[in-house]
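Sequence lines set the chain letters: A, B, ... in the order given, protein chains first and strands last, and positions in each chain run from 1.
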2 protein chains.
Amino acid sequence: MGPAKVKAREEFARYLQENGLKGSQQRSHILESFLSMPPHLSAEELHRQVATVDEGIGLSTIYRTLRLLCDAGLAKQRHFQEGRSCFEQAFEHHHHDHLICVSCGRIEEFICEEIETRQDQVADQHGFTLTHHRLDLYGHCADCKPE
Amino acid sequence: MGPAKVKAREEFARYLQENGLKGSQQRSHILESFLSMPPHLSAEELHRQVATVDEGIGLSTIYRTLRLLCDAGLAKQRHFQEGRSCFEQAFEHHHHDHLICVSCGRIEEFICEEIETRQDQVADQHGFTLTHHRLDLYGHCADCKPE
DNA sequence: GTGAGTGCAAATGGTTTGCACCAAC
DNA sequence: GTTGGTGCAAACCATTTGCACTCAC
């Protein structure tokens, strides 16, 4: 169990504390599952995982807690596919962009300073002040290459 | 009326022809409205515009025709905001990325060869073969700058 | 006249919400 | 014991679809 996860737990507890929110068994189970899973997952996937520990937990609670985690800065909501959210572990993560395999769904992260710089230049040329951006590269990963 | 629009009409007729599809008053009205409007619009916006010419036209017909236009290569479906599609005029358009104003919704297009090149390099380093990508820059445009 | 196109209403599906009940502080 | 949390079912909402009818070829 890495120190990042310990810190994430503390962070969540602190967030609840500071906002006059309560803890609960469900929230603990959801957080633990979230921390133990791959860094990118859907609400549905998280729900299935949590169900192995707590059968009766509702999907709405998953969504509500996921929103809490986003507000607390521990998760980030992404939209790699239309009509379905992907939640990403955000604690101790710096900015990065994504490579998404269109065959198997594998997601890899990267960051390219050159691209970041160019984006700022482009925005500048158009008189825009950037708030955020989204760069997703879609393709076939090494394992899914057609022969 | 630019030559691009004339070509777009011919292209659509040809597409229908080649695929054993029929023309209709509705399809003509929708195409004309689509060509006369700004290059980025929602199905709803197109529907409202078409309604000024043909009151009774259904929203489903708008969607069905929009899909046809995409298939014919005259439109491209984008997803700048979650849960709402944006359709873009695609005839005589080359590849480009977008700047989106988070205040007024204005959309500007740009292309940066340097970024394109870097994307290929990044994909290569990760063993990916790119099929497509999505680069959206969000921010405040010149007119919406906070003083 | 036949197969495709249309309008309408109903379905879809991921996500959110209203509400009565339950539990953490 | 008060206030927030939970599960369930119903609501959302852009988009799609089933169906009976109409129109283009």
Side-chain angles (χ1 to χ4, degrees), chain A residues 9 12-34 40-48 50-51 53-72 75-88 105, chain B residues 9 12-34 40-48 50-51 53-72 75-88 105:
Chain A
R9 283 194 200 92
F12 190 49
R14 196 175 62 73
Y15 179 82
L16 295 178
Q17 189 79 244
E18 285 182 356
N19 291 81
L21 302 172
K22 296 174 181 175
S24 73
Q25 271 197 282
Q26 291 91 329
R27 287 182 178 176
S28 296
H29 290 150
I30 293 171
L31 178 58
E32 289 311 314
S33 291
F34 180 69
H40 296 91
L41 71 241
S42 66
E44 201 62 62
E45 285 163 353
L46 181 55
H47 188 213
R48 270 198 297 278
V50 174
V53 175
D54 180 345
E55 275 258 40
I57 210 155
L59 186 52
S60 1
T61 299
I62 301 287
Y63 277 108
R64 286 190 272 234
T65 305
L66 237 15
R67 168 144 41 169
L68 230 47
L69 290 174
C70 289
D71 292 346
K76 219 164 203 159
Q77 189 168 11
R78 303 282 189 178
H79 304 279
F80 298 129
Q81 320 161 218
E82 235 345 71
R84 169 179 240 87
S85 292
C86 170
F87 295 87
E88 164 179 284
Chain B
R9 282 193 201 91
F12 190 49
R14 196 175 61 75
Y15 178 81
L16 293 178
Q17 189 79 245
E18 286 183 356
N19 290 82
L21 302 172
K22 295 174 180 173
S24 73
Q25 272 198 281
Q26 289 93 328
R27 287 181 178 176
S28 296
H29 290 150
I30 293 171
L31 178 59
E32 289 311 314
S33 291
F34 180 68
H40 296 91
L41 71 238
S42 66
E44 200 62 62
E45 285 162 354
L46 181 56
H47 187 214
R48 270 198 298 278
V50 174
V53 175
D54 181 344
E55 274 257 40
I57 208 154
L59 187 51
S60 359
T61 299
I62 301 289
Y63 277 108
R64 285 190 272 234
T65 305
L66 237 14
R67 171 146 37 169
L68 231 47
L69 291 174
C70 289
D71 292 346
K76 217 164 206 159
Q77 189 169 10
R78 302 282 189 179
H79 303 279
F80 298 130
Q81 320 161 218
E82 234 346 70
R84 168 178 241 89
S85 291
C86 171
F87 295 87
E88 163 178 284

#### Entry: Range on DNA chain D touched by chain B, heavy atoms, distance below 4.0 Å
dA14(D) to dC25(D)
Below 3.5 Å is the cut-off: list the nitrogen or oxygen pairs between protein and nucleotides 14-17 of chain C, distance only.
| residue | atom | partner | partner atom | Å |
| --- | --- | --- | --- | --- |
| dG14(C) | O3' | G83(A) | O | 3.4 |
| dT15(C) | OP1 | S85(A) | N | 2.6 |
| dT15(C) | OP1 | S85(A) | OG | 2.9 |
| dT15(C) | OP2 | Y63(A) | OH | 2.2 |
| dT15(C) | O5' | Y63(A) | OH | 3.0 |

#### Entry: With Q25(A) via side chain to side chain donor-acceptor pair (under 3.5 Å) - residues at least two apart
none
Output a table of donor-acceptor pairs, distance under 3.5 Å, between side-chain atoms of residues 80-88 of chain B and any protein atom two or more places apart or on a different chain; print 'none' if there are none.
| residue | atom | partner | partner atom | Å |
| --- | --- | --- | --- | --- |
| E82(B) | OE2 | H79(A) | ND1 | 3.3 |
| S85(B) | OG | Q77(B) | NE2 | 2.8 |
| E88(B) | OE1 | H40(B) | NE2 | 2.7 |
| E88(B) | OE1 | H96(B) | NE2 | 3.4 |
| E88(B) | OE1 | H98(B) | NE2 | 2.6 |
| E88(B) | OE2 | R78(B) | NE | 3.3 |
| E88(B) | OE2 | R78(B) | NH2 | 3.1 |
| E88(B) | OE2 | H96(B) | NE2 | 3.4 |

### Query
Does any N or O in the side chain of R27(A) come within less than 3.5 Å of the main-chain N or O of K22(A), such that one atom is a donor and the other an acceptor?
yes
#### Entry: From OG (S33(A)) to CG (D54(A)), nearest 0.5 Å
9.5 Å
Please write out each protein N/O paired with an N/O of nucleotides 23-25 of chain C under 3.5 Å, distance rounded to 0.1 Å.
| residue | atom | partner | partner atom | Å |
| --- | --- | --- | --- | --- |
| dA24(C) | N3 | K22(A) | NZ | 3.0 |

### Summary
Between CD1 of I57(B) and P of dG5(C) the distance, given in whole Å, is 14 Å
### Query
Is the closest side-chain heavy-atom distance between F34(A) and V50(A) below 4.5 Å?
no
### Query
Rounded to whole angstrom units, what separation is found between the CD atom of Q17(B) and the P atom of dG5(C)?
13 Å
### Task
Let me know the distance between CG of N19(B) and C1' of dG3(C), rounded to the nearest Å.
15 Å
### Query
Do H29(B) and E32(B) have side chains that get closer than 4.5 Å, going by heavy atoms?
no
### With E18(B) via side chain to side chain donor-acceptor pair (under 3.5 Å) - residues at least two apart
R14(B)
Would you be so kind as to tabulate the donor-acceptor pairs closer than 3.5 Å made by side chains of residues 60-71 of chain A, with sequence neighbours excluded?
| residue | atom | partner | partner atom | Å |
| --- | --- | --- | --- | --- |
| T65(A) | OG1 | T61(A) | O | 2.8 |

